[in-house]
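The structure displayed is predicted, hence computed values, not measured ones.
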Amino acid sequence: MYKTRTAALAALALALPAALAACSGDDGGPVTLRYAFWDDNQRPALEAMIEAFNEEHPDIEVELEQNPWEDYWAGLDSRFAAEEAPDVFWNHVSRFPTYAANGVLLPITDDIEDDGVDPAIYPENLYESWQYEGEQYGLPKDWDSIALVYRLDALEAAGIDPATVNDLEWNPVDGGTYVEFLQKLTVDANGNNALSPDFDPENVVQYGTAMSSNTGQTDWWNYAVQNGCSLQTEPWGDYAIDAPECVEAIQFTADLYNKWHVAVPAESTNQPNGGVPGDYVVPGQAATTLDGSWMLSFYRDGLEPGSWAVADNPSGPVGSGTVINGLSNAIYAGTDHPDEAWELVKFLGSEEAQSISTGMGSVWPGISSLNQGFADYWAGEGIDVTGFQTAAEGTTTGYPLSMNDAAFGTAAMDEFNQVWLGQKDAQEAAEAVVAIANAE
């Protein structure tokens, strides 16, 4: 065993029964690895990559375990507690700090060096986001950003030239051209849009946009970065969303619901039980949404080819911008098969594997040189997805790295759900979230 692997298992032995820490299961015979993930849209690409993996490793069987996002983390935590977690699993930066600190992840620092994996093939910020106390705990699986997804038929009906969509701007005072754009797309049952004095906000048949996010990743965080807000004082630092530029972005989001009436009402979209944005865009209840690049196949499968498109996000007072995020494949520290698990993780992080995923249009690849291939796939589908790249080249913020993500996420959903309903002041809610999250 490599030294980092030995150290991880030794540390795990302090918290888990000695028998679990000692067993490796590496007897040279066939091995079965359990691999957990949450997004069923990516299953075809995963199956194709595993098929290629088995051509090189016929004695390693990989069993896929898929649970939707809303069940995934609770299930994973319970399996950590029961000492029966999957050998390899999708990891998210919101969970990574706590998992790394609690010793349930196997470090791969020495594996990377010994097997000659070149970190330079990945974007530096994505690669470094999986580091904790000098150890590496994952290879970038993918990256994602947020962009504006819109229905072309809705723009045509409203008399809006799609060529203007990349030039939209917003401000917290009068909403700017972005809110005007959404008002033109918000139509009541009598055919009046939200700019008309006869508009009936209680009887809307098409909203300009749909918003729905547990934390803010696909809605107000993007307005926040476009308004000069920093979600944290520094990586791993305190949350700072009670700053004026952050509160302005939160209030702007609330105004889309309650002042301008251009967003699908929060009664329908508030999490954890509300629908996701695509649930409203695909059937035509909303004309646009800010959504993540991981949802592209959802729109492709739900909408007719050529009926939808992607643009850069609107620009705020400090410019365009987006939340940048990415996933990794992690190894459970208590796995009975650490060597085989590393072989799988190494393959999934390779150009060979990610070329398969890219060629299927699954997600933006973790390997930088493959980005054009992903864009080319979608161009072949009649969709220009470079809006996600353009957004990522503007002002960006990473998903917050914090040991207190769970407390922040719970408080943010509780507090901001009330703001979106028009029942609570944005400043008051932001202060409450900061007090709870930073006290943990």
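A donor and an acceptor atom, one from each side chain of D376 and Q372, are located under 3.5 Å apart. For S315 and E169, the side-chain atoms include no donor-acceptor pair closer than 3.5 Å. D144 and S293 share no side-chain donor-acceptor pair at under 3.5 Å. Between the side chains of D291 and T289, no donor-acceptor pair is found at a separation under 3.5 Å. Side-chain contact, N227 with E248: a donor N or O sits under 3.5 Å from an acceptor N or O.
Under the 3.5 Å distance criterion, the side-chain polar atoms of N313 are matched with a main-chain donor or acceptor of G321. Put simply, the side chain of R151 gets close to the backbone of V281: a donor and an acceptor are under 3.5 Å apart. In this structure a side-chain-to-backbone donor-acceptor pair under 3.5 Å is present from S350 to A353. Panel note: side chain S196, backbone N192; no donor-acceptor pair is recorded below 3.5 Å. Panel note: side chain T397, backbone V225; no donor-acceptor pair is recorded below 3.5 Å. With hydrogens and angles ignored, the 3.5 Å screen pairs a side-chain donor or acceptor of T358 with a backbone N or O of Q354. A donor-acceptor pair under 3.5 Å links the side-chain atoms of Q271 to the main chain of G274, judged by distance alone. Between the side chain of N67 and the main chain of G75, no donor-acceptor pair closer than 3.5 Å is present. A donor-acceptor pair under 3.5 Å links the side-chain atoms of T322 to the main chain of I146, judged by distance alone. Using a distance-only test at 3.5 Å, with no hydrogens or angles considered, no donor-acceptor pair links the side chain of N193 to the main chain of L185.
The ring of W294 has its center no closer than 6.0 angstrom to the ring center of W364.
The two residues V93 and G326 come nearest to each other via the heavy atoms CG1-O, 4.2 Å. Of all non-hydrogen atoms in W308 and I383, the two that sit nearest each other are O-CD1, 3.2 Å. When all heavy atoms of Y280 and G275 are compared, the pair lying nearest together is OH-N, 3.4 Å. Of all non-hydrogen atoms in I436 and A407, the two that sit nearest each other are CG2-O, 4.3 Å. Across A430 and V247, no two heavy atoms sit closer than the pair CB-CG2, 4.0 Å. Nearest approach of G302 to V282, heavy atoms of both residues: O-CG1, 3.4 Å.
Counting heavy atoms from C-beta outward, S357 and V363 have side chains that approach closer than 4.5 Å. Using a 4.5 Å heavy-atom threshold, the side chains of T396 and V323 count as separate. Side-chain contact between E61 and L33: absent, with no pair of heavy atoms (C-beta onward) separated by less than 4.5 Å. The side-chain heavy atoms of S402 and Q232, taken from C-beta on, include a pair separated by under 4.5 Å. In this structure, the side chains of L155 and F181 come closer than 4.5 Å at one or more pairs of heavy atoms. By the 4.5 Å heavy-atom criterion applied to side chains, T288 and Y207 are not counted as neighbours. Inter-residue side-chain proximity for L231 and Y399 is flagged as unmet; no heavy-atom pair is nearer than 4.5 Å. With a 4.5 Å cut-off on side-chain heavy atoms, E65 and F37 do not count as touching.
Taking the six-membered ring for Trp and thresholds of 30 and 60 degrees, H92 and W73 have ring planes more than 60 degrees apart, a perpendicular arrangement. Using bins of under 30°, 30° to 60° and over 60° for the plane-to-plane angle, the ring pair W38/W69 lands in the perpendicular bin. The aromatic rings of Y223 and W170 sit perpendicular to each other, their planes meeting at more than 60°, with 30° as the lower class boundary.
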side-chain hydrogen bond (donor to acceptor under 3.5 Å, both in side chains) between D238 and T233, intermediate numbers included: CA-CA 6 Å; D238 287 342; T233 55; 5.3 Å; no

Stepwise side-chain contact (heavy atoms from CB on, under 4.5 Å) check, Q285 with Q206: CA-CA 5 Å; Q285 293 169 277; Q206 176 184 278; over 6 Å; no

Derivation and outcome, salt bridge (charged side-chain N to carboxylate O under 4.0 Å, His left out), residues K346 and D111: CA-CA 9 Å; K346 178 176 65 173; D111 303 276; over 6 Å; no

Derivation and outcome, side-chain contact (heavy atoms from CB on, under 4.5 Å), residues Q226 and N222: CA-CA 6 Å; Q226 294 158 15; N222 298 280; 4.0 Å; yes

Test log, rule ring pair (Phe, Tyr, Trp, His ring centres under 6.0 Å), inputs F252 and W220: CA-CA 8 Å; F252 174 75; W220 77 264; over 10 Å; no

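In this view, W90 and Y35 satisfy the side-chain hydrogen bond (donor to acceptor under 3.5 Å, both in side chains) rule, not counting sequence neighbours. For the side-chain hydrogen bond (donor to acceptor under 3.5 Å, both in side chains) test, residues two or more places apart in sequence or in another chain that qualify with D87 are T335. Partners of N91 by side-chain hydrogen bond (donor to acceptor under 3.5 Å, both in side chains), not counting sequence neighbours: none found.
Atom-to-atom distance recorded for Y137:OH and Q131:CD is 11.0 Å, nearest 0.5 angstrom. For the atom pair CG (L344) and CD1 (I50), the distance works out to 6.5 Å, reported to the nearest 0.5 Å. Rounded to the nearest 0.5 angstrom, D219 CG and N214 CG are separated by 10.0 Å. Atoms CG and CZ, from N371 and F388 in turn, are 13.0 Å apart once rounded to the nearest 0.5 Å. Atoms CG and CG, from L126 and N325 in turn, are 8.5 Å apart once rounded to the nearest 0.5 Å. Here Q251 contributes atom CD and K259 contributes atom NZ; the two are 8.5 Å apart, rounded to the nearest 0.5 Å.
Residue E113 qualifies as open at atom CD: its count of foreign heavy atoms under 6.0 Å is 12 or below. In E51, the CD atom is not crowded: 12 or fewer heavy atoms of neighbouring residues, nucleotides or ligands sit closer than 6.0 Å. Applying the 6.0 Å contact sphere to CD of E124 captures no more than 12 heavy atoms from other residues, nucleotides or ligands.
Salt-bridge check for R34 with E63: failed, with every basic side-chain N at 4.0 Å or more from each acidic carboxylate O.
For residues 218-318, the disulfide (SG to SG under 2.5 Å) pairs, not counting sequence neighbours, are C229-C246.
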Side chains of residues 260-269: which donor-acceptor pairs under 3.5 Å do they make with residues two or more places apart or in other chains?
unit_1: H261; atom_1: NE2; unit_2: N258; atom_2: O; d: 3.3
unit_1: T269; atom_1: OG1; unit_2: M211; atom_2: O; d: 3.2
unit_1: T269; atom_1: OG1; unit_2: P265; atom_2: O; d: 3.4

Distance-only criterion, 3.5 Å: show the donor-acceptor pairs between side-chain atoms of residues 40-49 and protein atoms not counting sequence neighbours.
unit_1: D40; atom_1: OD1; unit_2: R43; atom_2: NE; d: 2.9
unit_1: N41; atom_1: ND2; unit_2: D39; atom_2: OD1; d: 3.3
unit_1: Q42; atom_1: OE1; unit_2: K141; atom_2: NZ; d: 2.7
unit_1: Q42; atom_1: NE2; unit_2: D39; atom_2: OD2; d: 3.2

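When Y332, F96, Y72, F80 are each tested for a ring pair (Phe, Tyr, Trp, His ring centres under 6.0 Å) with F89, only one passes: F80.
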